[in-house]
Amino acid sequence: MRWSQTYIPTLREKQSEAELVSHQLLLRGGYIRKLSSGIYLYLPLMQRVIHKFSNIVREEMNRAGALEITMSVLCPAEIWQESGRYNTVGKEQMRLTDRHNHEMVLCGTHEETVTTLIRGEIKSYRQLPLNLYQIQVKFRDEIRPRFGLMRGREFIMKDAYSFDATEESFKESYQKMVDAYFRIFNRAGLDVVKVESDTGAMGGKAAHEFMFLVDTNAGEETILICQKCGYSANVEKAIFRDLEKPAAENELKEMETVDTPNASSIEEVTAFLKVDSRKLVKTLLYIADDKPIAALVRGDREVNEIKLKNSINAIELRMATPEEIEQHTGAPVGFSGPVGLKNIPIITDSLIMDLKNFVVGANAFEKHLVNVNMKRDFQPTKVVDITLAEADDGCPHCGNKLIAQKGIEVGNTFMLGTKYSEALGAKFLDDQGEEHPIIMGSYGIGITRTPQAALEKYYDEKGIIWPKNIAPYLVELIPISMDNSNQVETADKIYKMLIEANIDVLYDDRHERAGVKFNDADLVGIPIRITIGDKSLKQGKIEIKARCEKEFSLVDVDNTLEAVKQLTKKIK
RNA sequence: CGGGGUGUGGCGCAGUCUGGCAGCGCGCUUGCUUUGGGAGCAAGAUGCCGGAGGUUCAAAUCCUCUCACCCCGACCA
């Protein structure tokens, strides 16, 4: 492609709307433009990147035996009502009515649609297993779109759905997808880690996320990794072994009320009472589906709200306001405690089981209770793990210390079980003639998000450095001067040579000064640059350089193709 | 939804406090010169100052309402 024939509106100056480097680079490099909050237009270069990446995805999905289909973005609301998700997805689902006043939704995911398709088609175990996928637009009316393509309201996703008759068969299907995912991200030049994750609104039994590890603040998720045994999980999900157990005590002391003037925070109370924060129990009031609950965690720990939410099967969970705290406990913030709480479920973290003679708020202003003991002084409604795991906690499997890393979720896999097949009636007959719901899995990859995520890592102060397999073009051809017939003839010749070899070339044929072309080339980030200038052309040579390297090499004009092939092999 | 902020030419911004010809840099157009890392000179074009209403002789500027966008939080396939 000739630069003069395509549309690459690069921008010299920083764009104020973009915070992240990757977002900034896509705007400045002429890859995307914003139409409205969270809605982006893909310009020619971005379109090519999307094609490159989705082709990798398509090839690997096909190789894994999945079948490509396309399902409509628009979908009748009934099937979402049938699955029960209509009431739980929340406001991010775009809803509208058609001219017949029929309720419709724009899909953010397609479990309902694909299950509806399948229930009409699959009747026998002989038709299973089956895996259907599509690469298509999704809509989600995000509360707060941000970070460009990373969290948009409209985006492209590859979503696959597996259908199996037995658990064993499902495990194979799931593993095939996991293997395909590693191949896909590998080919795209991204190192990813697979982590355990919460199932969230998808429901189902278990889930994994594929995380691209980054150092920047774009890492929207924290993951915990054990470098010894390989355990890895999203913090939302991570469990751990407590390496900080306080000293054991046998004797149960008598509970007492003590004054704690000006001491409401954990730090203040521990300092005032001169006790270890691990001997304090924090009582936090939440409102779960409009009802108050108390969550108890050890003083040195934080609540994992996802674990808490899951432990009580709540749909909505939020912290209580200071007014609500006062209303339910009779004391201001900072003095809540489980003793004497009436009609409020007390969800107690399992770490507290090990504690004796601990300190809690007394539900009275500037007062705490010391030497409190579970069962004797209050009854926990439920004892369950609700503590947020942190770096340096012990790995749940081997006890080694966990390390924390930031990651961007680029793919996910869900073990859905029979949640959707039961709700929507997708059943088959087994070889005994018995009817069963189909076992399902669902597998997503962010097609537009992934390339941007890659840019959080692959860039320098000059611009983008695309991994070769998702770059819009492999080679950028730059004649220094378009007024020099020698250079132009050589460039034309090389352009033709590369095209015939099926290599994607961007030929910068603009009548611009060299500096402009070089700067644009660095910004746009094509992996290989070929420069044709008088200096080297005098010796019958051109200059070839990888975007990721500083040095260029001189190559005979006739050897250009070979040099491109060699360099391609060398780079990521 | 709560908190904070910004809307002025295609992009980045000044001007708003203290009302008085709508500006700067980049980009764009034309011409001449230049030509290996974002050229120089000259001449141009481009504004409903986000929108509506109000105050005033006079509003980008003051007041009221409204819309959009950005940041922090809640949310997240």
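Letters A, B, ... mirror the listed sequences (proteins, then strands); counts begin at 1. All heavy atoms count here, side chains included; hydrogens, waters and symmetry mates do not. Keep in mind the model is a prediction, meaning the values are calculated, not measured.
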Answer with base, sugar-phosphate or nothing: what part of the nucleic acid does [X] contact at a heavy-atom distance below 4.0 Å?
X: K14(A); value: sugar-phosphate
X: E512(A); value: nothing
X: S37(A); value: sugar-phosphate
X: G533(A); value: base
X: R144(A); value: base
X: E543(A); value: base
X: K34(A); value: sugar-phosphate
X: L11(A); value: nothing
X: D159(A); value: nothing
X: R529(A); value: base
X: S442(A); value: nothing
X: D483(A); value: base

Euclidean distance for [atom1], [N] against [M] (whole angstrom):
N: C32(B); M: C49(B); atom1: C1'; value: 37 Å
N: A58(B); M: G12(B); atom1: P; value: 34 Å
N: U30(B); M: U64(B); atom1: P; value: 48 Å
N: G19(B); M: C75(B); atom1: C1'; value: 45 Å
N: A14(B); M: C24(B); atom1: C1'; value: 7 Å
N: G44(B); M: C67(B); atom1: P; value: 44 Å
N: G50(B); M: U6(B); atom1: C1'; value: 11 Å
N: U55(B); M: U8(B); atom1: C1'; value: 22 Å

For [Y], is there an ion pair with [X] - N to carboxylate O distance below 4.0 angstrom?
X: D508(A); Y: R510(A); answer: yes
X: K307(A); Y: D385(A); answer: yes
X: R140(A); Y: E92(A); answer: yes
X: K158(A); Y: E60(A); answer: no
X: E154(A); Y: K138(A); answer: no
X: R318(A); Y: E305(A); answer: no

Nucleotide forming a Watson-Crick or wobble pair with [N], both distances under 3.5 Å:
N: G53(B); result: C63(B)
N: C69(B); result: G5(B)
N: G23(B); result: C13(B)
N: G47(B); result: none
N: C32(B); result: G40(B)

Rounded to the nearest angstrom, tell me the gap between atom [atom1] in [X] and atom [atom2] in [N].
X: E476(A); N: G37(B); atom1: CD; atom2: P; value: 16 Å
X: E323(A); N: G2(B); atom1: CD; atom2: C1'; value: 13 Å
X: K462(A); N: G38(B); atom1: NZ; atom2: C1'; value: 8 Å
X: E13(A); N: C26(B); atom1: CD; atom2: C1'; value: 5 Å
X: R28(A); N: C11(B); atom1: CZ; atom2: P; value: 16 Å
X: M319(A); N: G73(B); atom1: CE; atom2: C1'; value: 13 Å
X: L35(A); N: G10(B); atom1: CG; atom2: C1'; value: 16 Å
X: Q93(A); N: C75(B); atom1: CD; atom2: C1'; value: 15 Å

Inter-residue atom distance K493(A).NZ - T560(A).OG1, 0.5 Å rounding: 8.0 Å
- prompt: Between atom CD of E82(A) and atom CD of E112(A), what is the distance when rounded to the nearest 0.5 Å?
  reply: 9.5 Å
So which nucleotide from [options] ends up closest to the side chain of [X]?
X: S536(A); options: G37(B), G36(B), G27(B); result: G36(B)
X: E17(A); options: C70(B), C26(B), C75(B); result: C70(B)
X: R513(A); options: G38(B), C11(B), U35(B); result: U35(B)
X: V516(A); options: C11(B), G38(B), C76(B); result: G38(B)
X: E305(A); options: C75(B), C69(B), G38(B); result: C75(B)

For a quick test of reading the model: is some side-chain N or O of [X] closer than 4.0 Å to OP1 or OP2 of [N]?
X: S16(A); N: G12(B); value: yes
X: R146(A); N: C76(B); value: no
X: K309(A); N: C76(B); value: yes
X: Q15(A); N: C11(B); value: no

- request: For E409(A) and for T10(A), locate the closest nucleotide of RNA chain B by heavy-atom distance; then report the residue assigned to the nucleotide nearer the 5' terminus.
  value: T10(A)
statement: Heavy-atom nearest nucleotide on RNA chain B taken for P145(A) and for M157(A); more 5' hit belongs to P145(A)
statement: With sequence neighbours left out, the residues meeting side-chain contact (heavy atoms from CB on, under 4.5 Å) with D509(A) are R2(A), W3(A), S4(A), M482(A), Y507(A)
- prompt: Could one point to a donor on the side chain of D534(A) or the base of G36(B) with an acceptor on the other under 3.5 Å away?
  reply: no
